[in-house]
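Working notes for the structure below.
Bear in mind the structure is a predicted one, so any value in this text is a computation, not a measurement.
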Amino acid sequence: PTLDRIADQDVCLVLGKTGSGKSTLLQGIAGKKFLSKTYEIESGALDKIVYDADDALEEFKIGHDKVSQTSSIHCLERNKDNGEIMCYVD
């Protein structure tokens, strides 16, 4: 389904290692506001400050562990200044 949506469109493929911020970037491109919070690491060794998108897009879930939250390819469509559509693919 995602491949059908991007046919004949400009595409920006967002690539990176797990935890590098791909989904966070796409939430920002979507215009979501970010909230900081303290996240307790499962081992309990320490806490860290993390950022979550307020009213986040479910397709681009932000994780805070080194476990991928992306289970399939998704496309975020945004209008460009010239009226064409840019599709950001994660």
Salt bridge (charged side-chain N to carboxylate O under 4.0 Å, His left out) contacts touching residues 21-37 (sequence neighbours left out): K32-D55, K37-D52
L15 with V11, same ILVMFWY side-chain cluster at under 4.5 Å: yes
Co-members of the apolar cluster containing L35 [side chain, <4.5 Å]: none
Sequence-distant partners of S72, side-chain contact (heavy atoms from CB on, under 4.5 Å), two or more places apart: H74
Neighbour count >12 (heavy atoms, 6.0 Å) for atom CG, D8: no
Between NZ on residue K61 and OG on residue S68, distance to nearest 0.5 Å: 11.0 Å
Distance-minimising heavy-atom pair for G63 and Q69: CA-CG, 3.5 Å
Qualifying residues under salt bridge (Lys or Arg N to Asp or Glu O under 4.0 Å), relative to E84, sequence neighbours excluded: K80
side-chain contact (heavy atoms from CB on, under 4.5 Å) against I49, all qualifying residues, sequence neighbours excluded: S36, T38, Y51
Steps toward side chain to side chain contact (heavy atoms under 4.5 Å, CB included) verdict (D90, I73): CA-CA 6 Å; D90 176 18; I73 297 171; over 6 Å; no
Cluster companions of F60 among Ile, Leu, Val, Met, Phe, Trp, Tyr (side-chain spacing under 4.5 Å): V14, L25, L26, I29, L57, L76, M86, Y88
Spatial distance of atom OG1 (T70) from atom CD (E59) [nearest 0.5 Å]: 11.0 Å
